[in-house]
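To keep things clear, I will list the structure first and then write my remarks on it.
Letters A, B, ... are given to chains in the order of the sequence lines, protein chains preceding strands, and every chain is numbered from 1. Computed from a predicted model, the values in this text were never measured in an experiment.
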Amino acid sequence: MAKAVALPVDFDADAVVVARALIGVTLLVHRVGGVIVETEAYDQRDPASHSHSGPTLRNAAMFGASGHAYVYRSYGIHWCLNFVCREPGHGAGVLIRAIEPVHGIDAMRERRGMDDLRLLCAGPGRLGQALGIKPAHNGKPLHAPPFDLRAATVAPTLAIGPRIGISKARDNPWRFGLAGSPYLSRRF
DNA sequence: CCTGTGATCAGCT
DNA sequence: GCTGATCACAGGC
């Protein structure tokens, strides 16, 4: 029997569970990227989530298959990357907020127009720019190029706290990070 | 350390 | 018409 293409995490789970499981996983886009060090969970019951009010043109990917990308434009300027999780029709995802730059650092510096390793991918907008995330990536599967996900090699120590930049459901501790990482968008 | 502002657009009221 | 899952830069303490 043919072995299924394995993603390193099970995306058919609650956004919070997936967000925790993604810390330490290596994310590459066209072989450029690094270790995920910060994520946030958003599900449909959550008033801070794009999916809260149901499907729209923008958030359609959140209501599609799990294990696919949801790319949205933030503040009219930045492209941000999410991983869709749970079953189709529910509308949940995990925002990838920061990675530790490891592979293709020169390419990321070029796209960002700056050198400082700590600021290359520290935040969803910066990460999107560094990885070359575009609308064309919206709805694409994470188990095939240009995406490449690789399992964590060690069990990370998690930092947990409230999400950043939202005004609703502020108290939900749905932001997860690699404790002590210098590549976070902000300290916990 | 902190606060304010401009860039720029989809979705909501 | 206003609000954001943001960032960079300017200015004040």
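- For the OP1/OP2 pair of B:dG11 and a distance below 4.0 Å, the side-chain nitrogens and oxygens of A:T56 include at least one atom meeting the criterion.
- Under the 4.5 Å side-chain contact rule for hydrophobic residues, A:L119 and A:I36 share a cluster.
- A:R163 places its CZ atom 14 Å from the P atom of C:dG4, with the value rounded to the nearest Å.
- Listed nucleotides C:dT6, C:dC7, B:dC9 differ in distance to A:R73; the shortest reach to its side chain belongs to B:dC9.
- Looking at A:E38, its side chain never comes within 3.5 Å of a backbone N or O of A:L178 through a donor-acceptor pair.
- Here B:dT5 presents its P atom at 16 Å from CD1 of A:I77, a figure rounded to the nearest Å.
- A:M114 places its CE atom 13 Å from the C1' atom of C:dC9, with the value rounded to the nearest Å.
- We find that CZ of A:R97 is positioned 11 Å from C1' of C:dC7, with the value rounded to whole Å.
- When rounded to the nearest whole Å, the span between CZ of A:R58 and P of B:dC12 equals 8 Å.
- Base pairing of B:dC2: its partner is C:dG11, meeting the Watson-Crick or G-U wobble criterion (both donor-acceptor distances under 3.5 Å).
- OP1 or OP2 of C:dA8 lies within a sub-4.0 Å distance of a side-chain N or O belonging to A:R112.
- In terms of position along DNA chain C, the nucleotide closest to A:G76 lies nearer the 5' end than the nucleotide closest to the other residue of the pair A:G76 and A:A122.
- Contact annotation: A:S167 side-chain N/O to C:dG4 OP1/OP2 distance is under 4.0 Å.
- The aromatic ring of A:Y75 does not sit over the base of B:dA7; the criterion of centres under 5.5 Å apart with planes under 30° is not met.
- Atom name P, nucleotides B:dG4 and C:dT3: the rounded distance is 15 Å, in whole Å.
- Side chain of A:S49, nearest nucleotide from B:dC12, C:dT6, C:dA5: C:dA5.
- Both the sub-6.0 Å distance and the 45° axial angle are not jointly satisfied by A:R163 relative to the ring of A:F176.
- The CG atom of A:L57 sits 11 Å away from the C1' atom of B:dG11 (whole-angstrom rounding).
- Checked by distance alone, A:Y72 brings a side-chain donor or acceptor within 3.5 Å of a matching partner on the base of C:dA5.
- Across all strands shown, B:dT8 forms no Watson-Crick or G-U wobble pair with both key distances under 3.5 Å.
- In this structure, the CG atom of A:L119 is 13 Å from the C1' atom of C:dC9, given to the nearest Å.
- Here the side chain of A:R170 pairs a donor or acceptor atom with the backbone of A:I166 at under 3.5 angstrom.
- Across the protein-nucleic acid pair, A:H50 atom NE2 and C:dT3 atom C1' stand 11 Å apart, rounded to whole Å.
- A:H78 has no side-chain polar atom (N or O) that falls below the 4.0 Å cut-off from OP1 or OP2 of C:dC7.
- Taking the P atom of each, B:dA10 and C:dA8 are spaced 22 Å apart, rounded to whole Å.
- Side chains of A:D12 and A:S66: a donor on one and an acceptor on the other come within 3.5 Å.
- For the pair A:R118 and A:Y183, the cation-pi test (distance below 6.0 Å, angle within 45°) is failed.
- Within 4.0 Å (heavy atoms only), A:I166 reaches sugar-phosphate atoms of the nucleic acid but no base atom.
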